[in-house]
Amino acid sequence: MEFTRQIIQTNPNPTYVKNEHGMFILANDAYADLHGLTVDELLTEGTGVFDYSYERDLELLRKNEASSIEEFYKLKDGGKKWFKTVKKPFTQPDGTRYLLSVSSDITLLKNAVQTAEESARAKENFIANLSNEIRTPVSAISGIVRLMKKSLLNKDQEGYLDTIASIADNLLVIPNDLLDIAKLESGEVKLVTVSFEMSTVISDTVQAMACKTREHGIKIHYREPPEKLPVVEGDPFRLSQVLINLINNAIKYMRQGEITVSVEHVDISGDMLNIACCLRDTGAGFSADKLKKVYDILNKEQNSLTRLYSGTGLGLTISKKLLELQGGKLWLENRPEQGNCFYFSIPYVLSTKGNSLNEVASHTKPDQLKGLNILIAEDNQLNELLLVSQLQPLDIDIDTAHDGEQALLKANEKKYDLILMDIQMPRLDGIEATYRIRNKQSLNKHTPIIAFTANFQEIEEDRYKYYGFTDCLLKPYHVSKLLQLISRYNGRSTAPQTPAPQQTPNKEPTLYDFSGLGNLKDDALFIRKMQQMFVETVPLQLDELEEAIKREELETAAHIAHKLKSTFGNIRIKAATEAVKKIEGHANSKTKTDEIVRLMQIVREEVKKVISAFSEQLHI
């Protein structure tokens with residue numbers, strides 16, 4: 001035993017051994033120093049309330065599982081250290097089990113990673129702010145131009161306004177492209193996988209872009225393949241984004257003519273569909289210098305922001321990276337004086353689930369939604385273009401807002417039948433805008449608000465309803481699903497719908513439930529002690545959690561949230577359990593600190609209600 005103790009003590013890495021009860025039986029100075037204790041104090045007293053590893057260690061011993069985690073410590077002298085910790089249970093010949101924990105200092109590595117991440121975030125924030133600063137005045141210019149075009153003008157004046165409008169449109173595209181590239185380079189672009197029909201996505205995209213091409217004197221059409229394409233699994237939104245970028249690129253170099261989008265090659269092998277699409281224009285083709293730049297973009301392995309040609313190639317770079325992300329590629333056939341042919345290929349898995357995007361029939365008659373007033377809050381102009389193009393043919397009156405503040409302003413000035421609210425917008429996001437509409441004296445306090453998000457992982461119905469959303473819809477969406485939601489929440493749906501749960505006025509949902517405690521639920525003395533402990537300890541734990549979040553000690557925050565998750569889960573405080581579960585996940589992944597703050601508000605409010613109920617029962 002003494003020999004083992006010497007080995008552990010000599011180890012420069014923080015090391016300890018715990019027994020089946022979670023008590024320290026061996027430890028070295030390196031570990032004790034992290035808590036400002038001596039080894040003797042650690043072995044006799046433990047680390048007290050600061051032993052955030054206690055429950056996790058017991059769980060590993062119960063399951064007999066090894067674990068490798070990253071841990072953060074704030075030292076007594078104010079210093080901070082990160083460790084890579086490996087924990088492994090082992091069993092003695094007499095059957096007793098122990099847990100060995102050995103930590104390696106990775107502070108320098110974490111600091112380097114954090115510096116790189118902060119640099120990437122700073123770059124993205126700069127581009128996002130630049131995008132917003134450009135978008136607002138340029139959008140105003142575009143609006144004024146459109147108003148002026150409605151007045152009496154001569155031919156030259158119309159030409160001047162067309163030129164201004166074209167320049168403004170191009171200026172709006174550039175900052176959005178820069179933001180897309182920054183996200184692609186940082187690995188933040190995530191693909192979703194749903195079943196969809198390629199022909200439908202291509203056709204809808206071409207139709208949506210027809211309005212823009214007409215403004216430039218260019219016709220666009222889609223030539224469907226001779227045979228119906230099978231349903232595939234993939235990301236239809238990214239397919240649409242590639243097409244939009246290539247179409248915008250063609251418009252930039254054409255004065256007149258036509259753009260044809262077609263499916264040129266279809267090959268089914270096993271459960272895979274390999275497909276090649278072509279975007280052909282009738283312009284003059286690229287000049288020699290432009291052609292060289294395009295080939296450089298298409299052929300180079302890396303296309304970082306610093307290598308991009310000024311004002312050239314952003315859309316192509318984004319398309320190339322998006323296609324490569326999906327296992328596809330992009331290439332060009334240039335024909336001088338005959339136009340350009342951009343080809344792209346994407347491999348898709350054949351769907352075995354049916355067409356989930358088209359399963360829901362629209363049941364919407366052409367005049368069924370006529371006269372509705374809808375506000376679209378969407379900062380991405382291409383997404384806005386798609387929405388407006390889908391809804392305008394139905395004689396729906398549409399207003400648009402490019403950020404949450406504009407949406408809030410318009411919602412306070414005019415009553416709408418429905419609001420379509422994007423989640424991630426500059427200045428004020430969709431969640432905060434909706435929360436303010438619902439909780440202030442607004443004309444649209446009771447108007448249906450649909451949340452739009454492109455992140456499949458963020459479709460959390462309960463969370464969105466907490467902030468006041470009526471429903472949520474994942475991007476990419478099929479137009480039939482969009483129309484069905486609009487119809488449903490305006491009482492104009494002709495299809496039989498499953499009735500939404502009716503909320504009973506003044507009836508609160510169950511705050512807690514003791515049934516999960518088994519026989520103890522009937523033990524009045526135990527329940528009273530548990531309630532008393534909840535009232536006395538949980539607020540303190542929440543204070544510790546909030547303080548850890550403020551200090552950005554996310555490892556500590558994750559440990560506290562893990563404990564609270566068990567506390568809330570045992571008595572089935574559903575909203576608080578889900579919230580601390582998400583806080584733990586975000587803290588462990590070091591992401592979405594703003595979301596953690598919002599989730600803390602949910603926890604605080606739910607705990608306040610439970611404590612009030614418990615205090616009343618305890619006559620406190």
Side-chain angles (χ1 to χ4, degrees), residues 120 123-128 130-132 134-135 138 169-192 201-202 205-206 208-209 212-213 234-254 259 261 276-279 281 286 290-291 293-332 340-347 378-386 422 424 426 454-455 475-476:
K123 181 174 70 174
E124 186 174 328
N125 288 336
F126 169 76
I127 295 171
L130 173 66
S131 172
N132 188 56
I134 294 175
R135 183 186 292 115
V138 174
D169 287 343
N170 286 333
L171 282 174
L172 285 173
V173 169
I174 291 172
N176 288 333
D177 285 348
L178 286 170
L179 188 57
D180 282 341
I181 289 177
K183 288 181 178 179
L184 281 162
E185 289 193 337
S186 63
E188 291 185 16
V189 173
K190 305 297 182 185
L191 299 175
V192 299
V201 173
I202 297 173
T205 304
V206 170
M209 292 297 290
K212 182 172 183 178
T213 57
D235 192 329
F237 177 74
R238 299 304 174 189
L239 170 60
S240 180
Q241 188 176 2
V242 168
L243 282 168
I244 289 170
N245 285 340
L246 293 179
I247 291 169
N248 280 330
N249 185 75
I251 292 172
K252 188 186 300 183
Y253 297 107
M254 290 178 66
I259 298 173
V261 179
C277 298
C278 173
L279 188 141
D281 66 63
F286 290 121
K290 286 286 193 299
L291 186 62
K293 292 178 181 179
V294 171
Y295 278 132
D296 283 344
I297 291 170
L298 298 180
N299 295 330
K300 284 183 179 178
E301 290 298 320
Q302 299 294 331
N303 291 299
S304 67
L305 284 168
T306 55
R307 293 184 185 178
L308 288 175
Y309 300 98
S310 178
T312 301
L314 293 174
L316 290 181
T317 300
I318 294 168
S319 296
K320 178 176 182 287
K321 287 182 175 290
L322 284 174
L323 289 167
E324 290 173 347
L325 197 61
Q326 300 172 85
K329 61 180 181 178
L330 175 67
W331 68 97
L332 167 69
N340 306 298
C341 294
F342 276 99
Y343 289 88
F344 65 89
S345 65
I346 309 178
E378 169 64 73
D379 69 312
N380 187 306
Q381 289 205 329
L382 295 178
N383 292 340
E384 178 192 307
L385 174 65
L386 286 169
D422 185 39
Q424 294 183 342
N455 190 340
K475 299 176 186 176

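Index from 1, following the sequence.
Separation of atoms CG (N249) and CD1 (I244) is listed at 13.5 Å; rounding is to 0.5 Å.
Residues L246 and F344 meet the side-chain proximity criterion, which asks for heavy atoms closer than 4.5 Å. The closest side-chain heavy-atom distance from L323 to K329 is not below 4.5 Å. Side-chain contact between Y343 and L330 is absent, with no heavy atoms from C-beta onward closer than 4.5 Å.
Taking every heavy atom of both residues into account, Q326 and L322 meet most closely at NE2-O, 3.1 Å. I318 approaches Q241 most closely through the heavy-atom pair CG2-NE2, 4.1 Å. Heavy-atom minimum distance, P347 versus G327: CD-O, 3.4 Å.
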Derivation and outcome, side chain to side chain contact (heavy atoms under 4.5 Å, CB included), residues C277 and I202: CA-CA 10 Å; C277 298; I202 297 173; 4.2 Å; yes
